[in-house]
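For clarity, every value in this text was computed on a predicted model and none was experimentally measured.
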Amino acid sequence: MAQMPEQFDDEVTIRRQRFANEENGFAVLDAEHEGDEIVLVGALSHLEERERVRVIGVWVSDSRYGPQVKVSEARPLAPSDSAALVGYLRRIKNIGEKRAKTLVERFGEAEVLDAIDDEPAAAFRQVGLNPQRAEEAARSWNELRTTRRLHMLLAPHGLAYLVKRISDEYPSTAYRVVTENPYELTRVFGVGFKVADRIARAGVAAAGLTGSNSVDAVDAIPGRTTAALVYALTETEGRAGSTCLPLGQLLNAAGELLGRMPNEQAVDTLVEDGDLMRDGDWIYRTVTWELEQELAERIEQMLRKPAGKLKPVDPDAAGGGTTGELALTAEQRDGVRAAFDYRLSVITGGPGTGKTATIQTIATQAKAQDAKVLLVAPTGRAARRMTEASGFDAKTVHSALGWVPGEAPEHNEDNPLPCDLLILDESSMANLELMVTLMRAVSATAHVVLVGDADQLAPVGAGKPFADLVGSDVVPTARLNHIFRQAAGSMIVQGAHAIRRGEVPEFKHEEGMKHDLFLMERASARDALELIVELVSERLPKHYGVDPVTDIQVFAPVYKGDLGIDALNKALRNALNPRGEPVGGGRLRLGDKLMMTGRNLHELGLMNGTVVRLIDEVKGSGQDDAALLLSTDERELRLPPEEIGSLQLGYACSVHRGQGIELPVAVIVAHPQAGAFFLRREMLYTAVTRAKLATVIVGSREVIARAARTPDTDSRYSRLGERLTADAELASASADDVAVV
């Protein structure tokens, strides 16, 4: 049996902070324990030098720092001797070391903290502060004590990293909010219902309540039911991508959080207060309902208004129906016509069906009319690919709009984008918020063409506007189905189209076909993992002449398990970067392939899902100079060390995170022991089409067959298409009434 890690449970004194990330609370600290120096790692950024702490954790070994205590709980202790008391009191504004010592001498070690608590300003006047400075010190004392009490309450539950956020949000009432109304904290970034519930239970436990009494006490706290309802909707937007939920499903989701079923009246109350919106039996967060409604209205306005500056074209005239040496298909010509005949049109098709050639033709004919053309895509990779394939410069949507989320974009209704034709490629990746923000910036005379593949995965975030538009049959749509000869010779392309039809791809190589799609079956998870490591580190780089880190991406459906993303990343890193120098507390290594996760850093051009290489750690003379040096496909950049928590190993990733990636070789895990249930048609289809040279699937034919025939049954709820269809039917009925009159 494997030896259990040695436990640590004792008091320590903090000596020095080596590293801290205020966003997630992770820190590396030096501490003193029984005369020896030890290293602590965990959610410890709230601890300060000279502070005494009760630490619970386990000993671990780090290749760079040696033995460390991985901390699960760190409870600050009250100062117990004169030196500790002086160190604590020195943190008060206007109280230096001399006055701190005087306070301890005057009131005594056992009584000084209580004496200050009784009348802070009076106590500080006794050590020489004038009334104004004594009041300043009293306010500082109250903040210090409040912060400390918050630490005492939250740290045992691994929530100490929230103290600063909560204190900043509620500077004078933080402790009262946490103890009396913790569900109010769901308004603070990073605090969801489950975290608020943990805080509530901590407060009830601190009050000495146990068993059924504690359950009743938690359930009686104001705002718990409403917080669960709002959280359930927020979660379905972020995780499932739905813009709304049916009433019954919302009540069930909230009931699982609460441990009891809420009643419909609680929903109606939130609707009356403006937090939620009810549309028949559908429930939205109000802000999401407004976005969906606004997008429907903008689309209808674009369809009602006549064409803008662009004049109709004949795609067959003057060579307009060809691109290079290939003639456009009838569907492509329909797409070109619609781009000029209507202010809004859609082009959808799978790989090899000529989407890029259609974009080229539209842009070229618009340029011939002296029109200003703007090509955009949701990600930097997609924009670069669009530029390379079409020959026209393309930008990211955020760059074109001058938009940093959380701030107002530079281009909007009052300052529209300076173009007569806007073409959005990879439109299936645009969620509801992105599509609305882009449409707001379209001028009253500009034409918009949305290009994408409606069969790919839905976007990250709420909504699926592109798929809704294609499915509504309200917007002029060109469906490209013809596979061009060059693409038709690719087994990847043929396999992708088979998956779209719900069929298993053909893996047997036939004469005349490009052998670029492979299935390698392994029965056990261990054998599959060993094969993947061998493929990525040796066989594929040697066969195709590619870099194993930058040119190969592994995709898997789930994070946990023997073939999960976490296990794959660990194994691949050990094979590809075994001797990289550890940084950031040892979690990362120089030379690692990393991916931005969970957030966007627009000022640095680092978006969620961006792949980077960690090439150096710059120590610097101060915090402002320190940085992680990263490289992307195009450039090098400096990342502040506090953002290290946003970086995760990127040798393997989910298909959702890699949706915008296109690179030479893809390896896909489709194994019974790798979350086979979560591998669905859209995910498999998207992953297969990420590679240009070769796609290798490791797993079993049965898993592939199941995924191909199983569309995403947990499909996201979105009513944009329903709104468009209903409004189109209403407009048609009104037109018929006018015709009759």
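When side chains are defined from C-beta on, Val336 counts as touching Thr358, because their heavy atoms get closer than 4.5 Å. With contacts defined as side-chain heavy-atom distances shorter than 4.5 Å, the pair Leu417/Leu374 qualifies. Using a 4.5 Å heavy-atom threshold, the side chains of Leu424 and Val449 count as separate. Counting heavy atoms from C-beta outward, Ser428 and Leu457 have side chains that stay 4.5 Å or more apart. Using a 4.5 Å heavy-atom cutoff, the side chains of Val612 and Thr610 are in contact. The closest side-chain heavy-atom distance from Arg343 to Leu303 is not below 4.5 Å. Two residues are said to be in side-chain contact when any heavy atoms from C-beta on lie closer than 4.5 Å; Leu344 and His447 fail this criterion. A 4.5 Å side-chain heavy-atom check between Val460 and Asn431 finds every atom pair outside the cut-off.
Between the side chain of Thr236 and the backbone N or O of Ala232, no donor-acceptor pair lies under 3.5 Å. Put simply, the side chain of Ser242 gets close to the backbone of Tyr717: a donor and an acceptor are under 3.5 Å apart. With Thr689 contributing its side chain and Thr686 its backbone, the two residues share a donor-acceptor pair below 3.5 Å. Distance alone, capped at 3.5 Å, places no donor-acceptor pair between the Ser399 side chain and the Lys395 backbone. Arg333 places no side-chain N or O within 3.5 Å of a backbone atom of Pro315 that could act as its donor or acceptor partner. Under a 3.5 Å cut-off, the side chain of Gln360 and the backbone N or O of Ser390 do form a donor-acceptor pair. Side chain of Thr477 to backbone of Asp473: no donor-acceptor contact under 3.5 angstrom is found. Counting only distance, with no hydrogens or angles, the side chain of Ser427 and the backbone of Val451 share a donor-acceptor pair below 3.5 Å. In terms of modelled atom types and a separation under 3.5 Å, the side chain of Ser472 and the main chain of Leu469 share a donor-acceptor contact. With hydrogens and angles ignored, the 3.5 Å screen pairs no side-chain donor or acceptor of Arg298 with any backbone N or O of Val436.
Heavy atoms only, all atoms of each residue included: Arg681 and Ala708 are closest at NE-O, 2.7 Å. A pairwise comparison of heavy atoms in Leu401 and Ala441 identifies CD2-CB, 3.5 Å as the closest pair. Between Ala454 and Phe466, the shortest heavy-atom contact is N-CE2, 3.7 Å. Here the closest heavy-atom approach between residue Ala670 and residue Ile704 is recorded as CB-CG1, 4.1 Å. The minimum heavy-atom distance linking Lys355 with Gly452 is given by the pair CD-O, 3.5 Å. Taking every heavy atom of both residues into account, Gly350 and Tyr685 meet most closely at CA-OH, 3.4 Å.
Considering CE of Met386 and OG1 of Thr396, their distance stands at 12.0 Å, rounded to 0.5 Å. In this structure, CG on Leu450 lies 10.5 Å from OG1 on Thr348, to the nearest 0.5 angstrom. Ile299 CD1 to Arg723 CZ: the interatomic distance, rounded to the nearest 0.5 Å, is 11.5 Å. Taken to the nearest 0.5 Å, the CG atom of Leu375 stands 10.0 Å off from the SG atom of Cys419. The structure places CG of Leu614 at 6.5 Å from CG of Leu588, a figure rounded to the nearest 0.5 Å. Once rounded to the nearest 0.5 Å, the distance linking CG of Leu720 with CE of Met435 reads 9.0 Å.
Using a cutoff of 4.0 Å between basic side-chain nitrogens and carboxylate oxygens, Asp566 and Lys560 are scored as salt-bridged. Classification of Arg385 and Glu662 as a salt-bridged pair holds, one side-chain N sitting under 4.0 Å from a carboxylate O. Here Glu331 does not pair with Arg479 in a salt bridge; the nearest charged N to carboxylate O distance is not below 4.0 Å.
Partners of Arg573 by salt bridge (Lys or Arg N to Asp or Glu O under 4.0 Å), not counting sequence neighbours, listed by chain and number: Asp592. Residues satisfying the salt bridge (Lys or Arg N to Asp or Glu O under 4.0 Å) test with Lys570, not counting sequence neighbours, are none. Considering only residues two or more places apart in sequence or on other chains, Glu538 meets the salt bridge (Lys or Arg N to Asp or Glu O under 4.0 Å) condition with none of them. Applying the side chain to side chain contact (heavy atoms under 4.5 Å, CB included) test to Ala462 and every residue at least two apart in sequence or in another chain returns Glu237, Thr243. Listed by chain and number, the residues in a salt bridge (Lys or Arg N to Asp or Glu O under 4.0 Å) with Arg539 are Glu534 (sequence neighbours excluded). Under the side-chain hydrogen bond (donor to acceptor under 3.5 Å, both in side chains) criterion, Tyr342 pairs with no residue at all, not counting sequence neighbours. Qualifying side chain to side chain contact (heavy atoms under 4.5 Å, CB included) partners for Arg709, counting only residues two or more places apart in sequence or in other chains: Ala705, Arg706. Scored by the side-chain hydrogen bond (donor to acceptor under 3.5 Å, both in side chains) test, Arg579 finds no partners at all (sequence neighbours excluded).
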Original post:
Between Leu531 and Met520, is a side chain to side chain contact (heavy atoms under 4.5 Å, CB included) present by the stated rule, with each step listed?
Top reply: CA-CA 9 Å; Leu531 173 61; Met520 304 185 76; 3.8 Å; yes
Subject >> Worked check of side chain to side chain contact (heavy atoms under 4.5 Å, CB included) between Leu630 and Ile615 >> reply: CA-CA 6 Å; Leu630 308 176; Ile615 56 178; 5.9 Å; no
Original post:
Yes or no on side chain to side chain contact (heavy atoms under 4.5 Å, CB included) for Leu647 and Leu639, after CA distance, side-chain angles and deciding distance?
Top reply: CA-CA 10 Å; Leu647 294 172; Leu639 183 75; 3.5 Å; yes
**OP:** Would you sort out whether Leu295 and Met439 count as a side chain to side chain contact (heavy atoms under 4.5 Å, CB included), showing the intermediate values?
**Re:** CA-CA 8 Å; Leu295 183 56; Met439 289 299 189; 4.0 Å; yes
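Listed by first and then second residue, the salt bridge (charged side-chain N to carboxylate O under 4.0 Å, His left out) pairs involving residues 456-468 are Lys464-Asp468 (not counting sequence neighbours). Sorted by first and then second residue, the pairs that involve residues 487-516 and meet salt bridge (charged side-chain N to carboxylate O under 4.0 Å, His left out), not counting sequence neighbours, are Asp455-Arg500, Arg501-Glu503. Under the ring-ring contact (aromatic ring centres under 6.0 Å, His included) criterion, the residue pairs touching residues 494-515 are His509-His515, His515-Phe518, with sequence neighbours excluded.
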Name the atoms and distances for all side-chain donor-acceptor pairs under 3.5 Å in residues 541-558, with sequence neighbours left out.
residue: Asp547; atom: OD1; partner: Val549; partner atom: N; Å: 2.8
residue: Asp547; atom: OD1; partner: Thr550; partner atom: N; Å: 2.9
residue: Asp547; atom: OD1; partner: Thr550; partner atom: OG1; Å: 3.4
residue: Asp551; atom: OD2; partner: Asp547; partner atom: N; Å: 2.9
residue: Gln553; atom: OE1; partner: Lys593; partner atom: NZ; Å: 2.9
residue: Gln553; atom: NE2; partner: Gly650; partner atom: O; Å: 3.1
residue: Gln553; atom: NE2; partner: Tyr651; partner atom: O; Å: 3.2

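The environment of CZ in Phe392 is crowded: more than 12 heavy-atom neighbours from other residues, nucleotides or ligands sit within 6.0 Å.
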